[in-house]
Structures are given as structure tokens and as C-alpha cells.
Amino acid sequence: MAAASTTDGGVGAILTAGERDYLVRNSGEQVKISSIEAGTVALYFSASWCPPCRRFTPKLIEAYKELASQGKSFEVVFVSGDQDEEAFNAYFAKMPWLAVPFTDSEGRKSLDERFQVRGIPHLVILDAKTGKVCTEDGVEFVSEYGIDAYPFTPERINELKEQEKAAKDNQTIHSVLSAPTRDYLISNKGDKVPISDLEGKYVGLCFVVSGYGPVEEFTTVLAKIYGKLKEVGKKFEVVAVSMDNDEASFNESFQNMPWLAIPQGDKMCQKLVSYFELNDLPTLVLIGPDGKTLNSNIADIIEENGVESWEGFPFNAEKLEILAEKARAKAESQTLQSLLVTGDLDFVIGKDGAKVPVSQLVGKTVLLYFSAQWCGPCRAFLPTLVDVYNKIKEKNSDFEIVFISSDRDQSSFDDFFSGMPWLALPLEDERKAYLKKMFKIRGIPSLVAIGPSGKTVNTDAKAPLAVHGADAFPFTEEKIQELEKNIDEMAKGWPEKLKHELHEEHELVLTRHRRPFGCDGCDEMGNSWSYYCAECDFDLHTSCALGEKKKGEEEKGHDAEAAPAGYVCEGDVCRKA
């Protein structure tokens, strides 16, 4: 490779710090920065404690080695975010490139600040000769395109996108599923099945990852649909696209799938993630007999209609309308028993496991409360819900809550349920999965309101309850609209803007909130109206701003705690990471 200039105008000026004019290898060898022979240099901001970094590093190593084998002019410099040298050394030992010495903390900090690193992994691509930044989206480029993205410039990415568009315009089942060295798929018995066998068929591409509950539940239902369509002679096939890093995990889950798969670890799997712009799981892409994409994801249709979805094949507009009509009819005929009774499971439980027949809840407004003890926002929300529950029950005996737990063990369930004055489904209860799927529960805490007729009246009852408290009962759209109108009336006569001594920088604007907010004056929660500065994200209760308690302004506050590993709590919702 031709040597690139690393003088003061190039990457040398960026990587040199004080008297240090060298980088290091994981062997301890010092490498003069001026000797770097690469036209393109990537600064890799990463740390061993960061799970996304640990997932991305193998991809970068693979790309680095492939580019080196092809004689491409490319180098990587690791800029560590580790907390101690031992962790740095263990992580760096796996990397085939250079690094800023861990001992040069000021140099690493300077690079962090220079490139405004706000999150890791972060890969900055530089022109070695000029020091110019080609892109700061190196992680995205490598993840989506691998070495095809080299030299990782926006121009190259635009070129790849144009190629991708052309490929979609001329898409065939072979262009989607084959690779230069592979023209077959595999069965779970290890047989090689020619891709040509799929020509003229409808093909579903099912993106799978072992051990992920929603995907496993989805593939269980899909297997039944697949079997039914085969039984009635439909030309339909499914191909699993594995997102597993571990072959053993994939093989174990693949044994339960009656269809075909791209071999685990095949680069086409990652390319298809980018090609179909995967952003959710489960995902089932539907390819038509001509090899063109008919639907980028029919997983929602299958989740909503269950095994009966087979009647909607091949999922065109006409068939989907038939499914939609059935769904509407099902919703119209919904009763509390159809939601909560399955075979012999015709009860909920009270304290000490006492069984309460579902029939005793018929005719009441019932809130289905999806929650868990491990979830900080759930624990924070519980006192509010208990207070609202007691207030509603004082005036309305025809009201109940049923706790639907996502706890992991009986002791956690028992401990959390002990603080609730209402009913619950048992922890290990098959009805829970159906209800979560039925109401598309993506995060907790969540509240779904079922009216006295057994019909669903509100799939997000938590929002009006948080704002209106017990007044939100019975959580119908008409009731919420009435309350919203009252809140609008409340603000009549209040000044639209004002200056306040607690925030002298800017005027505060009277603002309507749809969610609880924190007052920067008294540090307590509030809802409905505040005086707000958007520039500074500063809120004042109307009572704090105007010097008197305004009718209808409720203040509640609870501290949330961190979620366990594998979950992310954002605001008032915990989601699976």
C-alpha cells in the first residue's frame, strides 16, 4: 500500500498528543503515527463494558481483515472508553489494529471532545492525508454494507443505495436469497434445497432470533398456518433469516420450524436486514410468485388474527378485507368471558390465591393492568393507581382491576401483588400471552379498559388516568372528551404568557400537557396546564406561577428505579432492549 502523508495537515495532527507521536498494538509494540500506510483511517470509540460495542466489534474485525486481504488502504485506531487498563487490555487483545495508549487519558479525552462522541460504538472515518471527516456514521455503514461500503464515504453509500434500488426494481427470488457461492437453502434435517424450487411460489421471509419470546410465539402460530396452507395445497413456503450469532442456538430453535432457512452465519442474513429495513420483530416479509415484494411485514396481520390468518392467503387487499371484517365481527361479539375464560380457566385470583369466577366481573368496568415488580416505572405508578382505585370504588362498586404480571418468579409476583387491593391472573397462566398479543402490549405499565358490555373502551387508559385521576372513570372516549373540555375551560382568564422570578431568562407560555410533568418550582408532579419555556425545558405549575392553587391541578410524584439487564426504561415505560 502506498504511504499516506500524516503530517500536520493530516491524520497525524489529530492523533498526535503532546510528546506522544505513536500508537500501540495489543502486543505492546509502539507504531509511529507518521508510518501509518493507509489512505483511510477510522477512529473507533468503544469500550468493553458496552454491549452494543461488543456486538459491533466482531463485524468491524471481519471487515478490517477482509479489506486487508484485498490490499485496501484502511486502518483502524481504537479510542478506549474503558475505566481501567486491565479491561482495556482484555478488550484490545481481540483487535488486530492500533490504539491510542490507554495511559494517555488526556489524548483520548481530547479525541472524544473533538468528535463530540455522545454514544458508543462510534466510528469516525477520516481521509488520512487531509484529516477530513468522510463520515461519522461508520458503525451504520459497516453494519449495513460491510466491506462494500469502502471507502465509507457518503458518495459510496449513495452509490450502494442506487444499486439497492435497482436490485429491488429487478428483484427475483434468486437475487433475494442466493449468494455468489450458494444457490440453495437448508431444511432442519440438513438437506440442501435449490432456491429454484421456490420459483412461482409465495415466499415468507421470517426474521428469527432464538430465545426472544415474541418471535418464538409468532413462529409457533406461523407453523400452524404453514401446515394448514400446505394441507390445502397452496403454493407457499417460508424461509427463516437468522439473526443469531451462535449456530447452536439457531440449530436448536430451527428444529421446531417446518420450513427452510438461509444457512446460519451467511452474510445474506445481515444484508436482508438492511435490504428490507428491518425495524421490528417479529417480521414476515411476503414475496410474490414473480419474486417481487408484496408486503414488507404481515406479522401484525397474523398476530391479530392468529391461526385463522391462513384464510387471508395470499394476503392481498380483497383477502385482507375479509380478515378485517372477521376481526370487526369478533370485536363486536367480544365479552369479558371471551377475553378471560379459556377452557377450565374461568377465574381470576384474589388474596391468598382465592379463586374468583370471571362471571362475578361481568357488567363491571374492568381495567387490565399489565405490570411487573422489576419495572421501576411500574413500582412508581402503583401508588397512584391504588389511590385512584380506592376513590373509584368508594362511588362505583361496578369497577375492578385485574393484574397481569410480567414478573419472573412467584416470590416477586406475590410481593408486588400484596400491595394491590384488586385481583390478578395467576403468574403462570396461558391467558396472559393471548391478552398481551390481543392488546399489542409493547411496554409496561399499561392499562386496558373493558366496559360493562365486555367491549374494549380504551386501550391506553393509563394516559387519562394519569392526568384526570379517578375522574377518568369509566375511561370512555366520551368521558375523556368531557374532561378535556373542562380542562380547556379551566384556563380561561389566565395570562397566555408571563415572566417569573424563578426563570427570568425567558417568558413562560401557558401550555397544555397530555402527560404528567415535573414542576421546576416545587419539584413535584403536575398535569394539565403549566407555564413552560420550550427553550430551557422549564415548567411551573400554574399555582406556582400565579401564586395560588388552581382548581383541577393535581400533583403526584414517585421516583422510578432502574430496569434490570435486557430492559430499557424510558420515561414511564419499560421496554425490552
Side-chain angles (χ1 to χ4, degrees), residues 1-17 21-23 31-47 50 52-53 55-81 95-100 107-166 267 270-271 273-275 277:
M1 290 181 287
S5 170
T6 55
T7 57
D8 289 346
V11 76
I14 295 172
L15 294 175
T16 302
D21 61 352
Y22 64 88
L23 301 169
V31 177
K32 290 285 188 180
I33 294 172
S34 59
S35 72
I36 294 177
E37 294 187 346
T40 303
V41 174
L43 302 187
Y44 182 38
F45 298 86
S46 183
C50 165
C53 295
R55 289 194 293 270
F56 176 72
T57 297
K59 296 178 184 178
L60 185 58
I61 291 174
E62 182 181 9
Y64 179 85
K65 289 181 176 179
E66 286 189 36
L67 288 171
S69 70
Q70 295 178 14
K72 301 295 185 182
S73 187
F74 181 63
E75 188 54 78
V76 176
V77 178
F78 172 39
V79 184
S80 176
M95 301 176 182
W97 45 68
L98 303 170
V100 175
R108 290 186 289 121
K109 180 181 178 182
S110 175
L111 289 170
D112 276 353
E113 293 175 348
R114 177 175 187 143
F115 294 102
Q116 299 180 350
V117 179
R118 297 290 181 263
I120 54 175
H122 189 62
L123 192 66
V124 179
I125 310 293
L126 303 172
D127 180 289
K129 186 174 182 178
T130 64
K132 178 184 176 182
V133 174
C134 298
T135 183
E136 294 189 356
D137 297 324
V139 170
E140 179 184 342
F141 290 178
V142 172
S143 295
E144 290 196 15
Y145 300 104
I147 63 170
D148 289 341
Y150 180 83
F152 308 105
T153 60
E155 292 77 16
R156 176 56 181 161
I157 299 306
N158 288 335
E159 183 180 337
L160 289 173
K161 288 186 182 298
E162 286 298 318
Q163 293 176 5
E164 200 170 81
K165 181 180 182 301
K267 290 182 180 178
Q270 187 58 45
K271 287 185 178 180
V273 168
S274 170
Y275 185 79
E277 300 178 359

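All residue numbers in this chain count up from 1 along the given sequence. Note that these values count all heavy atoms, side chains included, but never hydrogens, waters or copies made by symmetry.
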Exercise for the section: Measure the acute angle between the ring planes of F74 and F152, then classify it against the limits of 30° and 60° as parallel, tilted or perpendicular. Expected result: tilted
Practice task
Can you measure from CD (E155) to CD (E159) and round to the nearest 0.5 angstrom?
Solution key: 10.0 Å
Exercise for the section: Give the ring-plane orientation class for Y44 versus W97, where under 30° counts as parallel, over 60° as perpendicular and anything between as tilted. Expected result: perpendicular
Fill in the blank from the handout: CG (L67) and OG1 (T40) are apart, to the nearest 0.5 Å, by 9.5 Å
Problem - Check: V79 and F115 side chains under 4.5 Å, non-hydrogen atoms - result: no
Handout entry: Contact check, side chains of L15 and I36, non-hydrogen atoms, under 4.5 Å
Key = yes
Practice task
Could you tell me whether a side-chain N or O of R55 sits under 3.5 Å from a main-chain N or O of C50, the two making a donor and an acceptor?
Solution key: no
Handout entry: Expected output: side-chain S69 to main-chain E66 donor-acceptor under 3.5 Å
Key = yes
Practice task
On the 0 to 90° scale, with breaks at 30° and 60°, tag the F45-H122 ring pair as parallel, tilted or perpendicular.
Solution key: tilted
Practice task
Taking the side chain as every heavy atom from C-beta outward, state whether V100 and L23 have any pair of such atoms under 4.5 Å apart.
Solution key: yes
Handout entry: Any side-chain heavy-atom pair of I125 and F141 under 4.5 Å
Key = no
Practice task
State plainly whether the residues K165 and E162 are in salt-bridge range, i.e. N to O under 4.0 Å.
Solution key: no
Practice task
Would you check if the side chain of D127 reaches a backbone N or O of T130 as a donor-acceptor pair within less than 3.5 Å?
Solution key: yes
